[in-house]
Each structure stands twice: as structure tokens, then as C-alpha cells.
Amino acid sequence: QVHMVESGGGLVQAGGSLRLSCEASGGTFSMYAMGWFRQAPGKEREFVAAITRSSSSTSYAASVKGRFTISTHNAKNIVYLQMNSLKPEDTAVYYCAAGSRVLPVYAYEYAYWGQGTQVTVSS
């Protein structure tokens with residue numbers, strides 16, 4: 001089984017930066033894409049960004065494009081989310097995920113999930 005563990009969340013002021021990390025372990029060979037989602041209180045889980053392990057093609061939600069960058073490291077078993085110019089509306093629990101489709105943008109398209117890491121942006 002694939003296990004995902006996030007880290008790097010915390011409290012930051014608006015305009016600041018954070019880098020989230022997620023390490024995948026287990027049977028990751030068939031995991032063609034890794035992604036990040038977030039969920040704010042009272043809201044549905046929202047797509048943030050995704051990256052393919054083979055080509056490093058990326059996809060971003062319009063709300064974070066130009067501010068966030070997704071990348072991989074260490075044989076693509078680690079995925080990062082560099083978050084710049086953070087806004088209070090970015091406050092959420094951030095989850096990493098892995099799936100077998102190319103660049104999934106819906107939560108149901110991902111098979112494996114981490115436990116989440118809290119990101120809080122103060123105004």
C-alpha cells in the first residue's frame with residue numbers, strides 16, 4: 001500500500017511563504033500523479049495542484065496559479081508545494097494524494113491520501 005505523510009504546515013502572515021512536503025512510501029510504481037488538495041472549515045475538499053511522476057507536467061487551480069509551485073524530489077517519491085504570497089483565504093488543512101490518472105483534479109480520482117497539515121494565514 002501507498003502511505004503519504006505531509007509536513008511543513010504552520011502559521012504565517014499574509015504575503016509570507018511556506019513549503020509543504022509529502023513523502024510517499026510503499027508501492028508507488030503505479031502512482032502516475034501526485035497532488036495537493038485543501039479543505040477549509042465548512043467547505044468541500046478543493047483541488048490545488050497536481051504533477052505527473054513521469055513527465056513532471058503540472059496543473060494548478062486558478063486560485064493559486066502564479067503563487068504556488070508543485071514539484072517532486074528523490075525519484076519522485078516526495079512532492080513539494082511551495083506557497084508564496086499567501087492570503088488568509090488560503091487557510092485550510094492541506095492534503096497530499098496519489099492516483100493512477102495523468103493529472104486528476106477531483107478528489108475521487110485519487111486513491112491514497114495523507115492525514116493533512118494545517119496552514120493558517122493571518123491578516
Side-chain angles (χ1 to χ4, degrees):
Q1 292 185 327
V2 175
H3 301 276
M4 319 285 290
V5 180
E6 306 98 330
S7 63
L11 175 65
V12 65
Q13 294 183 349
S17 299
L18 284 174
R19 188 179 76 162
L20 305 183
S21 300
C22 177
E23 183 171 3
S25 61
T28 62
F29 182 78
S30 62
M31 299 293 99
Y32 300 134
M34 300 179 73
W36 288 94
F37 285 73
R38 65 188 183 186
Q39 188 166 22
K43 294 190 175 182
E44 297 293 315
R45 193 163 296 188
E46 175 190 29
F47 171 75
V48 176
I51 186 168
T52 63
R53 297 181 67 202
S54 59
S55 66
S56 296
S57 296
T58 59
S59 180
Y60 296 92
S63 59
V64 306
K65 192 173 297 183
R67 299 189 297 121
F68 292 8
T69 302
I70 188 170
S71 62
T72 58
H73 186 55
N74 286 358
K76 302 180 180 180
N77 289 323
I78 299 175
V79 61
Y80 301 107
L81 185 68
Q82 178 66 47
M83 305 185 294
N84 299 325
S85 301
L86 283 162
K87 305 174 181 179
E89 51 263 45
D90 294 318
T91 295
V93 176
Y94 283 71
Y95 300 88
C96 65
S100 59
R101 297 188 180 183
V102 178
L103 284 175
V105 298
Y106 299 105
Y108 66 81
E109 296 179 292
Y110 289 84
Y112 303 100
W113 294 85
Q115 293 299 305
T117 184
Q118 177 71 47
V119 172
T120 302
V121 184
S122 64
S123 59

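For residues 58-89, no residue pair satisfies the disulfide bond (SG atoms under 2.5 Å apart) rule, not counting sequence neighbours. Applying the salt bridge (charged side-chain N to carboxylate O under 4.0 Å, His left out) test to every pair with at least one member in residues 94-104, sequence neighbours left out, gives these pairs: R101-E109. Residue pairs that meet the salt bridge (charged side-chain N to carboxylate O under 4.0 Å, His left out) test with at least one member in residues 56-65, sequence neighbours left out, do not exist here. For residues 35-77, the pairs satisfying ring pair (Phe, Tyr, Trp, His ring centres under 6.0 Å) are F37-F47, F37-Y110, F37-W113, with sequence neighbours left out.
Taking both residues in full, the closest heavy atoms of V12 and L86 are given as CG1-CD1, 3.4 Å, listed atom of the first, atom of the second, then distance. The heavy-atom pair separating S85 from S17 by the smallest distance is N-OG, 4.3 Å. Between L81 and A49 the shortest heavy-atom distance is CD1-CB, 4.2 Å. Between S59 and V105 the shortest heavy-atom distance is OG-CG1, 4.3 Å. Between P88 and A14 the shortest heavy-atom distance is CD-CB, 4.1 Å. Nearest heavy atoms, V2 versus A24: CG1-CB, 4.4 Å.
Side-chain contact between I51 and S56 is present, with at least one heavy-atom pair separated by less than 4.5 Å. V119 places none of its side-chain heavy atoms less than 4.5 Å from the side chain of D90. Residues I70 and V79 form a side-chain contact, since some pair of their non-hydrogen atoms from C-beta on lies under 4.5 Å apart. I78 has its side chain out of reach of T72: every pair of non-hydrogen atoms, C-beta onward, lies at least 4.5 Å apart.
One finds the SG atom of C22 at 4.0 Å from the CE atom of M4 (value rounded to the nearest 0.5 Å). Here CE of M83 is found 9.5 Å from CZ of R67. Values are rounded to the nearest 0.5 Å.
Residues Y106 and Y95 fall within the same hydrophobic cluster, defined by Ile, Leu, Val, Met, Phe, Trp and Tyr side chains chained together at heavy-atom separations under 4.5 Å. Clustering ILVMFWY residues whenever any of their side-chain heavy atoms sit less than 4.5 angstrom apart, transitively, puts Y80 in a cluster other than the one holding Y94.
Remark: Q82 pairs with N84 by the side chain to side chain donor-acceptor pair (under 3.5 Å) rule, at least two apart or across chains. Checked against salt bridge (charged side-chain N to carboxylate O under 4.0 Å, His left out), E6 has no partners two or more places apart in sequence or in another chain. Evaluation of the side chain to side chain donor-acceptor pair (under 3.5 Å) rule for T52 yields S55 as partners, not counting sequence neighbours. Considering only residues two or more places apart in sequence or on other chains, T120 meets the side chain to side chain donor-acceptor pair (under 3.5 Å) condition with Q118. Scanning for salt bridge (charged side-chain N to carboxylate O under 4.0 Å, His left out) contacts around E89 gives an empty result, with sequence neighbours left out. Residues satisfying the salt bridge (charged side-chain N to carboxylate O under 4.0 Å, His left out) test with R19, not counting sequence neighbours, are none. Partners of E46 under the side chain to side chain donor-acceptor pair (under 3.5 Å) rule, at least two apart in sequence or in another chain, are R38.
Other members of the hydrophobic cluster containing L103, listed by chain and number, are V102; membership follows side-chain contacts under 4.5 Å among ILVMFWY residues, whether direct or relayed.
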